[in-house]
Student: 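One structure follows; several queries about it will come next.
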Amino acid sequence: MVNLSFLVSTYSRNIIIFGNERFKAGDGFKGIPESYCQDVSCYAAKNYSLAELDNALERGWINQQEYENIISLKTEIDPASV
């Protein structure tokens, strides 16, 4: 099944920017569908700065493994690439 692009961007924003969703169920959140996790990570790598990702990690909105996965997907042309 094809992932809907508007859901990919919405899930990513809700996890990284607002902290009102998680990749996996926990902390009172239901988690996003497993089929969306990779696309959401790719979207986050491409569209969010390192500072925004660091903030999400520090606040506990993403865990270390999710953070490292997103960072590994960044390229030189992405915002604040590493």
Side-chain angles (χ1 to χ4, degrees):
M1 186 159 97
V2 176
N3 289 333
L4 302 172
S5 61
F6 81 93
L7 284 179
V8 170
S9 61
T10 299
Y11 287 145
S12 186
R13 183 176 53 252
N14 285 343
I15 293 169
I16 304 299
I17 302 301
F18 300 123
N20 57 14
E21 188 55 85
R22 303 289 186 270
F23 279 100
K24 308 249 187 255
D27 299 330
F29 297 94
K30 62 182 173 74
I32 65 172
E34 182 69 30
S35 64
Y36 277 84
C37 288
Q38 186 63 26
D39 286 349
V40 168
S41 294
C42 289
Y43 183 92
K46 183 175 180 174
N47 292 284
Y48 299 127
S49 70
L50 190 55
E52 289 167 320
L53 297 171
D54 287 345
N55 181 61
L57 177 63
E58 289 169 12
R59 291 176 179 256
W61 299 342
I62 58 175
N63 63 37
Q64 187 67 39
Q65 182 180 1
E66 293 160 347
Y67 175 84
E68 290 174 8
N69 180 47
I70 294 168
I71 295 300
S72 73
L73 297 170
K74 280 194 155 298
T75 65
E76 291 179 15
I77 61 170
D78 297 329
S81 295
V82 287

Student: For A45 versus K74, what's the shortest heavy-atom pair and its separation?
Tutor: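 Heavy atoms of A45 and K74 come nearest at O-NZ, 2.8 Å.
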
Student: I'd like to check Q38 versus N69 (side-chain heavy atoms, cut-off strictly below 4.5 Å). Are they in contact?
Tutor: yes

Student: Looking at V8, is its backbone amide N or carbonyl O close enough to the side chain of S12 to form a donor-acceptor pair, meaning the two atoms are under 3.5 Å apart?
Tutor: no

Student: Would you say that W61 contacts N55 through its side chain, given a criterion of any heavy-atom pair below 4.5 Å between the two side chains?
Tutor: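 When only atoms from C-beta onward are counted, N55 and W61 do touch, with a gap below 4.5 Å.
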
Student: Does any non-hydrogen side-chain atom of E52 lie less than 4.5 Å from one of N47?
Tutor: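 Of all side-chain heavy-atom pairs linking E52 with N47, none is under 4.5 Å.
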
Student: State yes or no: do Y11 and F29 share one hydrophobic cluster built from I, L, V, M, F, W and Y residues joined by side-chain heavy-atom distances below 4.5 Å, directly or via other members?
Tutor: no

Student: Distance-only, no hydrogens or angles: does the E66 side chain make a donor-acceptor pair with backbone N or O of N63 under 3.5 Å?
Tutor: yes

Student: If you measure from CD on E34 to CZ on F23, what distance do you get to the nearest 0.5 Å?
Tutor: 10.5 Å

Student: Out of I15, L57, L50, I16, which residue meets the side-chain contact (heavy atoms from CB on, under 4.5 Å) rule with I70?
Tutor: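 The option that passes is I16.
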
Student: Is any side-chain heavy atom of Y43 closer than 4.5 Å to a side-chain heavy atom of Y48?
Tutor: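 Side-chain contact under 4.5 Å: yes.
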
Student: For a side-chain contact (heavy atoms from CB on, under 4.5 Å) with D39, tell me which candidate from L4, I32, N3 qualifies.
Tutor: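 By the side-chain contact (heavy atoms from CB on, under 4.5 Å) criterion, D39 pairs with just one of L4, I32, N3: N3.
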
Student: Can you check whether G31's main-chain N or O pairs, donor with acceptor, with K24's side chain at less than 3.5 Å?
Tutor: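 Here the side-chain-to-backbone pair does not exist.
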
Student: Could you walk me through whether E21 and T10 pass the side chain to side chain contact (heavy atoms under 4.5 Å, CB included) test, one step at a time?
Tutor: CA-CA 10 Å; E21 188 55 85; T10 299; over 6 Å; no

Student: Take atom CD in Q64; do more than 12 heavy atoms of anything else shown fall under 6.0 Å from it?
Tutor: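 Check passes, neighbour count above 12.
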
